[in-house]
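Everything quoted here is computed from the prediction, not taken from an experiment. Below, all heavy atoms of this structure are taken into account, side chains as well, without hydrogens, waters or symmetry copies.
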Amino acid sequence: QVFSSVTCILNMSVFKDWFVLEDLVEEMKKQSPALNFGPLQPNGQVAVQGSFPAIKGLRDHLLLKAKSLSEKGQRKESKSCQKPRRRLQEHGRTTETRNSVCDGEKQVVVLDTDIYHFMRHLYPWIFPVNGDVVISDVIDGDVTTVCVESARKAEAGQVLSVRKRIESQSLKLHQTLRRERISYEGHSRDEKQRYKQVCERLKDLYPHVLVIPYDTHIDFIGFPSEVFEFTKKVIR
């Protein structure tokens with residue numbers, strides 16, 4: 001929220017036994033179009049520049065990939081769906097995800113938890129509910145990992161399309177959403193209850209403001225003008 005752009009150095013050499021590093025970097029560019037990638041160095045390092053949430057998402061994606069490869073290496077008796085140093089373009093697939101599975105397709109996207117809750121609240125159509133695609137989430141503090149997985153009837157392209165739709169909308173909201181917070185510190189139980197009652201009365205007037213109550217505080221997430229006005233009325 002402070003810096004518009006940050007730079008990090010990624011050491012891709014840890015993947016050299018599994019992938020052609022040039023292809024892996026190209027995959028990362030396609031998955032994270034908001035980031036700028038420098039040239040791949042002979043030692044496997046590459047500079048990446050962009051917003052902190054985008055870089056954090058890329059980092060989490062690579063950590064999941066490394067964990068998946070580690071688990072596969074430990075299961076030598078099992079048949080691997082992924083051959084060592086295979087080119088990412090094989091079989092028409094250009095996107096590598098958290099886990100490659102033989103009987104379906106799985107895509108993972110890492111989101112800011114506030115943005116994820118807001119999208120669920122205001123854009124439920126982004127998360128389809130049908131027999132073709134299954135969506136699950138793991139909320140871990142400020143980061144939420146969303147897994148989009150195919151059912152038996154879903155095609156690989158359909159799962160990829162859902163993941164891209166979630167990712168695209170989250171990037172748009174990252175530029176515009178704002179969070180306001182009221183702390184319960186020093187407030188009695190009755191005062192906390194009055195806050196909740198006021199929020200209930202106001203929420204119909206502000207359908208685009210998401211209210212998330214916690215034990216220690218209450219968060220308001222929305223577009224700047226609306227969430228500021230909503231918070232001011234609650235405090236009054």
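- For Phe118 and Phe223, the ring centers sit closer than 6.0 Å to each other.
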- Given the rule in the side chain to side chain contact (heavy atoms under 4.5 Å, CB included) test, do Val209 and Ile221 qualify, once you have shown the distances and angles that lead to the verdict? CA-CA 6 Å; Val209 174; Ile221 304 170; over 6 Å; no
- Dump the intermediate steps for side chain to side chain contact (heavy atoms under 4.5 Å, CB included) on Phe220 and Val234, then the final yes or no. CA-CA 10 Å; Phe220 311 117; Val234 171; 4.2 Å; yes
- Give the C-alpha distance, both sets of side-chain angles, the deciding distance and a yes or no for side chain to side chain contact (heavy atoms under 4.5 Å, CB included) between His174 and Ile115. CA-CA 7 Å; His174 171 71; Ile115 291 178; 3.8 Å; yes
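- Of all non-hydrogen atoms in Gly50 and Leu35, the two that sit nearest each other are CA-CD2, 3.6 Å.
- Heavy atoms from other residues, nucleotides or ligands lying under 6.0 Å from CD of Glu185 number 12 at most.
- The two residues Leu21 and Ser13 have their closest heavy-atom pair at CD1-CA, 4.3 Å.
- Going from atom CE of Met119 over to atom NZ of Lys172 covers 10.5 Å, rounded to the nearest 0.5 Å.
- Inspection of the Asp190 and Ser188 side chains reveals no N or O donor paired with an N or O acceptor under 3.5 Å.
- In the model, Asp137 has a side-chain atom that pairs as donor or acceptor with a side-chain atom of Tyr116 under 3.5 Å.
- In this structure, Cys8 and Val48 have side chains that are in contact, with non-hydrogen atoms separated by less than 4.5 Å.
- Contact of the Gln41 side chain with the Pro39 side chain is registered, since non-hydrogen atoms from C-beta on lie closer than 4.5 Å.
- The cluster map of Ile, Leu, Val, Met, Phe, Trp and Tyr, joined by side-chain heavy atoms under 4.5 Å apart, puts Ile218 and Tyr206 in the same cluster.
- Of the inter-residue distances, the one linking Thr144 atom OG1 with Ile139 atom CD1 reads 4.5 Å to the nearest 0.5 angstrom.
- Put simply, the side chain of Leu202 reaches to within 4.5 Å of the side chain of Lys233, judged on heavy atoms.
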- Task: Take Glu26 and Lys30, measure what salt bridge (charged side-chain N to carboxylate O under 4.0 Å, His left out) needs, and give me the verdict at the end.
- Result: CA-CA 6 Å; Glu26 287 302 316; Lys30 293 178 181 178; 6.0 Å; no
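- The aromatic rings of Tyr123 and Trp125 sit perpendicular to each other, their planes meeting at more than 60°, with 30° as the lower class boundary.
- Of the possible donor and acceptor atoms, none in the side chain of His121 sits under 3.5 Å from a partner among the backbone N and O of His208.
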- Start with the C-alpha gap between Leu62 and Phe15, add the side-chain angles, then the distance that decides, and say whether side chain to side chain contact (heavy atoms under 4.5 Å, CB included) holds. CA-CA 10 Å; Leu62 291 174; Phe15 295 104; 4.2 Å; yes
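- A cation-pi arrangement, defined by a distance under 6.0 Å to the six-membered ring centre and an angle within 45 degrees of its axis, is absent between Arg178 and Phe228.
- Heavy-atom minimum distance, Phe37 versus Ser32: CE1-O, 4.0 Å.
- Within the model, atoms NZ of Lys16 and CG of Leu24 stand 14.0 Å from one another, a figure rounded to the nearest 0.5 Å.
- By the criterion of side-chain heavy atoms lying less than 4.5 angstrom apart, applied directly or through intervening Ile, Leu, Val, Met, Phe, Trp or Tyr residues, Val46 is grouped together with Phe52 in one hydrophobic cluster.
- No donor-acceptor distance shorter than 3.5 angstrom exists from the side chain of Ser168 to the backbone of Arg165, with no hydrogens or angles considered.
- Distance CG/Leu122 to CD/Gln169: 8.5 Å, rounded to 0.5 Å.
- Summarising the geometry of Arg181 relative to His217, their closest heavy-atom pair is NE-CD2, 3.2 Å, with the distance given to 0.1 Å.
- With hydrophobic clusters built from ILVMFWY side chains whose heavy atoms lie under 4.5 angstrom apart, Leu177 shares a cluster with Val109.
- Note that the CG atom of Asp114 and the CD1 atom of Ile212 stand 6.0 Å from one another [nearest 0.5 Å].
- By the criterion of side-chain heavy atoms lying less than 4.5 angstrom apart, applied directly or through intervening Ile, Leu, Val, Met, Phe, Trp or Tyr residues, Leu171 is not grouped with Ile166; the two fall into different hydrophobic clusters.
- Between Gly186 and Glu191, the closest heavy-atom pair is O-OE1, 4.2 Å.
- In this structure, Leu40 is a member of the same hydrophobic cluster as Trp18, with clusters built from ILVMFWY side-chain heavy atoms closer than 4.5 Å.
- Taking a 6.0 Å sphere around CG of Asp215, one finds it holds 12 or fewer heavy atoms contributed by other residues, nucleotides or ligands.
- Going from atom CD1 of Ile55 over to atom CG of Leu10 covers 8.0 Å, rounded to the nearest 0.5 Å.
- The side-chain heavy atoms of His187 and Tyr195, taken from C-beta on, include a pair separated by under 4.5 Å.
- Residues Lys196 and Glu200 are not paired through a salt bridge, judged by the lack of any N-O separation under 4.0 Å between the basic side chain and the carboxylate.
- The minimum heavy-atom distance linking Ile9 with Ala47 is given by the pair CD1-CB, 3.7 Å.
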